[in-house]
Student: 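I'd like to ask some things about the structure below.
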Amino acid sequence: MAILVQKFGGTSVADAEKILAAARRAIRAKMEGFQVVMVVSAMGHTTDELIALAKQITDQPPGRELDMLLATGEQVSVALMAMAINSLGHDAISLAGPQLGIFTDSTFTKARIRSISADRIRQLLDEGKIVIAAGFQGVDPAFNITTLGRGGSDTTAVALAAALQAECCEIYTDVDGVYTTDPRIVPEARQLKRISYDEMLELASAGAAVMHNRSIEFAKRFGVPVHVRSSFSDKPGTLITAYPESMKRPVCGAALARNEARVTVLGVPDRPGMVYAIFSKVSARNVGMDMIVQNLAADGRADVSFTVPRDELPLALKAAEEAARELGAEGTSYEDDVAKVSVVGLGMATQPGVAQKMFAALAERGINIEMISTSQIKISVVVERQHGVEALRAVHQAFALHEEVPVEEIPGAERPRPLLTQEVLERLQGMEDLVIEDIRLDTTQSRVTLTNIPDKPGLAARLFQLVAEAGVNVDMIVQSTGRDGKAAITFTVPREDLERCLRASQTFAQEVGGAPPVGSWNVAKLMVMGTGMRSHSDVARRSFKALADRGINVEMISTSEVCLNIVVDGTRGQEALEALEKEFADVRL
Ligand code: ASP
Ligand code: MG
């Protein structure tokens, strides 16, 4: 019999009436012939209230006890849900994390799932019961109750769907599905009918608060189709699967992260290990870095900038200062009033001109771009915070995201293939462990660097317009504005186009009064690909270390959820590839 997992979030079980409504929905699915597992969150704002309560007692509650406390929220809702189903004349049983057989590591308040033994659930389903599972919790090897991190019920739901090989994991929530961007900010945002795992991961980490990111990683690894839909209607929502709505469309969505900060380590002596030193200091403090950009200066020193969430700025600054001292850099600086706008789409990997279009949309509104970082399926820019919303709207409009697209028919889209085979799983310690899917070396690229460009709106748009007119497809772009108000842009283009590209860049430099462009014929681009590369922040640190240990200098970087791109000197490409393969040998797919 087919199994259906239905997850109800906090707002969908906020009061008795809503609990009864959710119960009816599960009963309906059962009458339609499914075996039903419900996963429920704590009612309404219960989790926030429990945290506030703990804070009244102490500023630093021990993690173990906090988890003991927080897990009660979900325990209340599962019991009430089972009562609701019983009262409606059907058989149900509630189970807390340990009873569900969800085994986690011991990282209290953000534990990762190691394994699930689903035998008990299967048996209860076979007895004809609806199983009501407490979301967000599990048990560690020492029988301590653990929780999976805020929003973790999504992960419970997808993980159970994976373990039970469910037909689908339905996520019932207070919105109709996944939108092209946040409809509260951009009212013309459109609900997507389908979105791929990778796009969803990128959008979520770029600022779209839809689902717990780890739940999407889980879904991708185990090939679980996820259906995000409204608990208050029967309309179809958004299917999250291996395929996008349409590959013809370069961009599927846009996101705004309003509260970002930028940190710069100034005048770092440019030598191998520099990036590693900075990165390891920051990640040791558990701060997630994004958009890492280095500007090479003429005197053999570089400025390295990166963005972090604004509330992590104090920690990031401490780390940066430490790194600056160690490296003999000139100092550090920061800006705490910036926002990050990103566009995401699997289609952009095969279509040229996407970045150019985004830059043009911002230029038209006179919005200055302070930083750029592009990767295969995501382009991010940093702007002043006050322009964040306008920038998001401009970009949404430029890609006509409000317009319906015909959903490409893909046979089997409802049944994506799992990424992890049994053989791979047996090698891993836990279901959520890091897995590197591929490591690639691209030796077809060359690099162009422009420095000393007076910083003003429209520069990137103009440069990449000239480059596009020269018939050159740009691959990876990084840009940052230095302390002197001058911008530097570095990008890669196919080698055979380097000459033409340099001519176009020369025209640009003359127009704006920047330094002449510098071309580098021989660069190597390395791509480390995986799932949840940023929640496993160790991937970047380990990669930089592996290269630093071999004295290989990192020239360009861009990071995303699914790929870490590193450009190094072309003569060291093969060696760099070997270093990375060796580093990740134990977790290679
Ligand atoms: N109740 C938990 C939270 O509020 C888990 C969840 O809702 O997914 O974070
Ligand atoms: Mg919640």
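Remember, it's 1-based here, ligands and their atoms both numbered in the order they're listed. Side chains included, hydrogens not; waters and symmetry mates left out as well; all remaining heavy atoms used.
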Student: Any atoms of ligand 1 less than 4.0 Å from a non-hydrogen atom of Thr47? List them with their elements.
Tutor: 1 (N), 2 (C), 3 (C), 4 (O)
Student: For ligand 1, is His45 a contact, meaning one of its heavy atoms is under 4.0 Å away?
Tutor: no
Student: Against Ile113, only a single residue in Val158, Leu160, Leu148, Thr156 fulfils side chain to side chain contact (heavy atoms under 4.5 Å, CB included); can you say which?
Tutor: Leu148
Student: May I have the step-by-step check of side-chain contact (heavy atoms from CB on, under 4.5 Å) for Thr559 and Asp290, ending in yes or no?
Tutor: CA-CA 7 Å; Thr559 64; Asp290 191 29; 3.4 Å; yes
Student: Tell me whether the rings of Phe8 and Tyr172 are parallel (<30°), tilted (30 to 60°) or perpendicular (>60°).
Tutor: parallel
Student: Report yes or no: do Asp154 and Ser215 form a side-chain donor-acceptor pair below 3.5 Å?
Tutor: no
Student: Do any N/O atoms on Gly151 end up under 3.5 angstrom from N/O atoms on ligand 1?
Tutor: yes
Student: Side chain, backbone, both or neither: which part of His212 comes within less than 4.0 Å of ligand 1 when only heavy atoms are counted?
Tutor: neither
Student: Please list, in number order, the atoms of ligand 1 under 4.0 Å from a heavy atom of Ser41.
Tutor: 6 (C), 7 (O), 8 (O)
Student: Picking from Ser153, Ser77, Ser12, what satisfies side-chain hydrogen bond (donor to acceptor under 3.5 Å, both in side chains) with Ser41?
Tutor: Ser153
Student: Which atoms of ligand 1 sit under 4.0 Å from any heavy atom of Glu74?
Tutor: 1 (N), 2 (C), 5 (C)
Student: Check each of Arg150, Gln137, Lys7, Met211 against atom 9 (O) of ligand 1 and report the one with the nearest heavy atom.
Tutor: Arg150
Student: Are Gly152 and ligand 1 in contact, using a heavy-atom cut-off of under 4.0 Å?
Tutor: yes
Student: Distance-only, no hydrogens or angles: does the Asn565 side chain make a donor-acceptor pair with backbone N or O of Ile557 under 3.5 Å?
Tutor: no
Student: Using modelled atom types and a 3.5 Å cut-off, is there a donor and acceptor pairing between side-chain atoms of Ser196 and backbone atoms of Tyr243?
Tutor: no
Student: If I apply the N/O under 3.5 Å rule, does Ser153 come out as touching ligand 1?
Tutor: yes
